[in-house]
Trainee: 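Here it is: the structure, laid out below.
In what follows, residues are counted from 1 in the order of the sequence shown. Quick caveat: nothing in here was measured; it's all calculated off a predicted structure.
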Amino acid sequence: AYLFFLFVLVSILRSSLHRALAYGRLLISAVVGGCCVAFVLTSESTKVSPFIGSLATLLYFQVVLFGSLVHWRGIAPSQLRVKVVYGLIFILFAITVTWCILYGADSVTFLRVPDCVATKNIAMPVRIEGVNHWQCVKWGESKGITRIPSSSEVLQARCTTPFHIFDTENTTGSSTVWTPSEAPHYVKCPASCQDFNLAQQVMGCKVYDSRSSICAAAVQMGIIPSGEGGVVTVVG
């Protein structure tokens with residue numbers, strides 16, 4: 001309704017005041033339209049209001065451009081101006097149609113995390129320092145953090161290999177400090193550790209003392225069956 005009223009004032013009634021206001025508002029509309037486009041691109045799910053705002057901005061630009069072709073005070077626009085304006089209107093029309101198609105297909109997801117399903121603000125992607133992967137976390141629910149080793153290398157462990165095998169040794173003068181690892185690692189445990197009474201030292205439950213046997217801890221947690229080997233992921 002506003003665009004039609006503006007078009008009547010500028011193109012038919014040829015109001016100088018409204019013509020100047022229409023051109024001046026282009027800058028404000030450009031900023032607001034850009035914000036609406038950003039909201040549509042970055043929102044967790046496709047939002048209707050920002051899309052309508054961006055669409056109104058595109059239509060407003062086309063109306064103002066079309067109004068500039070009207071004879072003003074008996075002076076017809078030049079042929080060059082007509083060609084440039086029609087070219088701009090065609091480009092804006094193509095952008096408008098493309099924008100509507102993308103919105104209708106719900107494909108405006110350029111800046112979203114594809115692994116986090118769009119919801120009505122009941123979940124959000126979270127990135128924790130030290131964890132190089134996005135986590136999809138739902139409000140009010142506990143979320144187990146998935147750690148994926150950056151390397152596919154697998155440590156061939158013995159039955160008694162402790163967690164501090166991944167610690168880093170830092171020697172300063174005569175003192176040595178061991179820094180625990182914070183990264184995930186693949187570890188392959190041998191079979192029959194329990195059958196031979198090996199790997200008995202386990203201190204902790206789910207979170208273990210660094211002196212504990214990796215393979216014994218994996219058996220205690222039920223990750224690998226007793227007496228069988230297998231590959232486990234160790235964090236720390």
Side-chain angles (χ1 to χ4, degrees), residues 38-47 106 108-236:
F39 287 145
V40 174
L41 293 178
T42 59
S43 61
E44 187 179 348
S45 61
T46 304
K47 304 297 183 183
D106 196 24
V108 192
T109 56
F110 313 118
L111 302 181
R112 299 182 196 162
V113 179
D115 295 333
C116 194
V117 180
T119 60
K120 294 183 179 178
N121 200 29
I122 61 174
M124 64 182 298
V126 175
R127 191 179 183 93
I128 303 172
E129 184 178 357
V131 181
N132 296 323
H133 299 88
W134 286 94
Q135 311 290 328
C136 185
V137 182
K138 294 184 178 181
W139 299 106
E141 295 184 14
S142 299
K143 167 66 178 179
I145 298 176
T146 303
R147 301 294 303 273
I148 303 175
S150 57
S151 172
S152 59
E153 182 180 354
V154 180
L155 174 67
Q156 302 293 328
R158 297 186 227 176
C159 295
T160 56
T161 299
F163 284 94
H164 65 67
I165 189 69
F166 299 110
D167 293 356
T168 303
E169 180 181 3
N170 297 308
T171 303
T172 304
S174 58
S175 62
T176 300
V177 178
W178 291 88
T179 303
S181 171
E182 297 180 354
H185 312 274
Y186 289 124
V187 176
K188 184 175 182 179
C189 293
S192 305
C193 287
Q194 282 68 36
D195 295 342
F196 294 102
N197 263 348
L198 300 173
Q200 298 299 316
Q201 187 173 7
V202 178
M203 292 172 283
C205 181
K206 294 187 177 180
V207 178
Y208 295 93
D209 186 282
S210 62
R211 295 166 291 179
S212 300
S213 164
I214 295 175
C215 299
V219 171
Q220 186 198 57
M221 289 187 64
I223 298 176
I224 57 176
S226 177
E228 297 183 18
V231 177
V232 297
T233 302
V234 176
V235 179

Trainee: Excluding sequence neighbours, so at least two apart, what forms side-chain hydrogen bond (donor to acceptor under 3.5 Å, both in side chains) with Ser181?
Mentor: His185

Trainee: Any salt bridge (Lys or Arg N to Asp or Glu O under 4.0 Å) involving residues 207-227? Give me the pairs, sequence neighbours left out, ordered by first then second residue.
Mentor: Asp209-Arg211

Trainee: To the nearest 0.5 Å, how far apart are CE in Met221 and CD1 in Ile223?
Mentor: 4.5 Å

Trainee: Once you round to the nearest 0.5 Å, how far does NE2 of His164 lie from CD1 of Ile214?
Mentor: 9.5 Å

Trainee: Taking it one step at a time, do Tyr186 and Thr233 satisfy side-chain contact (heavy atoms from CB on, under 4.5 Å)?
Mentor: CA-CA 5 Å; Tyr186 289 124; Thr233 302; 3.6 Å; yes

Trainee: Can you list every pair that meets ring-ring contact (aromatic ring centres under 6.0 Å, His included) and has a residue in residues 215-236, with sequence neighbours left out?
Mentor: none

Trainee: Can you give me the closest heavy-atom contact between Val202 and Ala216, atom names plus distance?
Mentor: CG2-CB, 3.2 Å

Trainee: ring-ring contact (aromatic ring centres under 6.0 Å, His included): which pairs involve residues 207-236, sequence neighbours left out?
Mentor: Phe163-Tyr208

Trainee: Does atom NZ of Lys143 have more than 12 heavy-atom neighbours from other groups under 6.0 Å away?
Mentor: yes

Trainee: Holding to side-chain hydrogen bond (donor to acceptor under 3.5 Å, both in side chains), I want the full list of residues that pass it with Glu228, two or more places apart in sequence or in another chain.
Mentor: none

Trainee: Once side-chain hydrogen bond (donor to acceptor under 3.5 Å, both in side chains) is applied, do any residues pair with Thr168, and if so which ones, sequence neighbours excluded?
Mentor: none

Trainee: What's the verdict on side-chain contact (heavy atoms from CB on, under 4.5 Å) for Leu155 and Val234, showing C-alpha distance, side-chain angles and the deciding distance?
Mentor: CA-CA 10 Å; Leu155 174 67; Val234 176; over 6 Å; no

Trainee: Closer than 3.5 angstrom, by distance alone: can the side chain of Ser210 be matched with the main-chain N or O of Pro162 as a donor-acceptor pair?
Mentor: no

Trainee: With rounding to the nearest 0.5 Å, note down the distance linking CD in Gln156 to OG1 in Thr161.
Mentor: 10.5 Å

Trainee: More than 12 heavy atoms of other residues, nucleotides or ligands under 6.0 Å from CD of Glu153: yes or no?
Mentor: no

Trainee: Nearest heavy-atom pair of Val187 and Ala157: which atoms, and what distance?
Mentor: CG1-CB, 3.5 Å

Trainee: How about Cys189 and Cys215 - are their SG atoms less than 2.5 Å from one another?
Mentor: yes

Trainee: Does a side-chain heavy-atom distance below 4.5 Å link Pro184 with Val235?
Mentor: yes

Trainee: Looking only at heavy atoms, which two atoms of Met203 and Ser212 are closest? And how far apart?
Mentor: N-OG, 2.8 Å

